[in-house]
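Data first, discussion second: the structure below is written as structure tokens.
Below, each value reflects all heavy atoms present in this structure, side chains not excepted, and no hydrogens, waters or symmetry copies.
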Amino acid sequence: MMPDSTSSSRQFAVAATVSVLLGLIWWKLPHPVLAGAGLLPLLLVLTLRAPFLLMLGFVIFSFFRIHEVFPQLYPLRIPQLLAAGTLASLAFNWFAYHIKPFWSRELWIFATFFMLVTIGVFVATNRAEAMGSYTGTYIKIAIILIAFAWLCTTSRHFAVSAVSIVIAGLCVGVVALSNKAAGIGLVEGTRVTIGRDIGSMLGDPNDLALVLLFPASFALAMLLTKHTGKLAPCWA
């Protein structure tokens with residue numbers, strides 16, 4: 001059985017305290033190892049108690065490249081930590097029977113498409129480039145898609161996901177507007193980018209527009225759909 005809310009709150013409080021203490025040490029001795037260690041207590045508790053939030057955090061950081069939007073976060077290796085925590089959480093909760101794996105018609109369709117892409121990698125003209133994209137990006141998409149399907153089980157999960165996507169989009173949008181106003185990383189004099197100097201995916205204005213289009217669609221859907229215009233019900 002899943003632990004009660006009191007036990008979970010206590011463990012979150014202890015983990016947060018430990019993370020704050022490690023954060024203070026890192027402030028005096030700035031080193032990426034200490035910064036990563038400061039996140040481990042919270043990740044451990046999330047792995048055991050809140051696998052959905054852990055998985056959602058990985059999706060947000062990976063899709064919106066938050067660690068590249070705010071380069072101060074880059075040395076912390078947050079996406080890698082969240083990815084490892086998500087996989088560990090899936091394995092733990094699967095063996096502990098906290099989640100119920102299933103396989104639907106939609107997942108069969110995706111599995112078929114996944115196999116076609118896998119075959120395409122081995123017959124690609126530039127096999128090295130195809131394999132790099134396959135192992136670096138596409139496998140992550142496949143794993144997270146299945147994890148999201150298994151872990152997003154309530155209406156509250158969907159609501160939290162929608163609001164988180166919109167908030168992440170706002171963060172990226174604010175930085176994009178700031179770069180435009182300051183003339184940072186502009187392409188052809190007018191097209192705004194983010195993190196172009198560090199080789200970020202958002203350094204391509206087309207990719208940045210695509211990333212911003214995703215939260216824009218969620219924001220528009222929430223605006224036009226009844227009973228979803230306020231954020232409060234999503235977190236209740």
Query - Verdict with supporting geometry, Val172 and Leu208, side chain to side chain contact (heavy atoms under 4.5 Å, CB included) - result: CA-CA 9 Å; Val172 176; Leu208 176 58; 3.8 Å; yes
Requested in this report: Start with the C-alpha gap between Val59 and Phe64, add the side-chain angles, then the distance that decides, and say whether side chain to side chain contact (heavy atoms under 4.5 Å, CB included) holds.
Outcome: CA-CA 8 Å; Val59 171; Phe64 292 96; over 6 Å; no
Report task. Applying side chain to side chain contact (heavy atoms under 4.5 Å, CB included), run through Val175 and Phe70 and close with a yes or a no. Result -> CA-CA 9 Å; Val175 174; Phe70 303 102; 3.9 Å; yes
Query - Check against side chain to side chain contact (heavy atoms under 4.5 Å, CB included), Met55 and Thr86 - result: CA-CA 5 Å; Met55 180 271 303; Thr86 299; 4.0 Å; yes
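Surrounding CZ of Phe102 are more than 12 heavy atoms belonging to other residues, nucleotides or ligands, all under 6.0 Å away.
Judged by distance alone, with hydrogens and angles left aside, the side-chain atoms of His157 form a donor-acceptor pair with the main-chain N or O of Leu151 at under 3.5 Å. Remark: the backbone N or O of Phe122 is paired with a side-chain donor or acceptor of Arg127 at under 3.5 angstrom. Not a single donor-acceptor pair under 3.5 Å links the side chain of Ser133 to the backbone N or O of Ala130. Side-chain atoms of Ser178 do not come within 3.5 Å of backbone N or O of Val174 as any donor-acceptor pair.
When the side chains of ILVMFWY residues are joined at heavy-atom separations under 4.5 Å, either directly or via intervening members, Trp108 and Trp150 end up in a single hydrophobic cluster. One hydrophobic cluster, built from ILVMFWY side chains closer than 4.5 Å, cannot hold both Ile184 and Tyr74; they sit in different ones. Phe148 and Trp103 fall within a single hydrophobic cluster, where Ile, Leu, Val, Met, Phe, Trp and Tyr side chains are chained together by heavy-atom contacts under 4.5 Å.
Note that CZ of Arg77 and CZ of Phe61 are 13.5 Å apart. Values are rounded to the nearest 0.5 Å.
Applying the side-chain contact (heavy atoms from CB on, under 4.5 Å) criterion to Phe158, with sequence neighbours excluded, gives Cys152. Residues satisfying the side-chain hydrogen bond (donor to acceptor under 3.5 Å, both in side chains) criterion with Thr190, sequence neighbours excluded, are absent altogether.
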Distance-only donor-acceptor hits, side chain of residues 197-206, under 3.5 Å, sequence neighbours excluded:
from: Ser200; atom 1: OG; to: Glu68; atom 2: OE1; distance (Å): 2.4
from: Ser200; atom 1: OG; to: Leu202; atom 2: N; distance (Å): 3.1
from: Asp204; atom 1: OD1; to: Asn206; atom 2: N; distance (Å): 2.8
from: Asn206; atom 1: OD1; to: Arg191; atom 2: NH2; distance (Å): 2.6

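Relative ring orientation between Tyr134 and Phe114 is described as tilted, the plane-to-plane angle lying within the 30° to 60° band.
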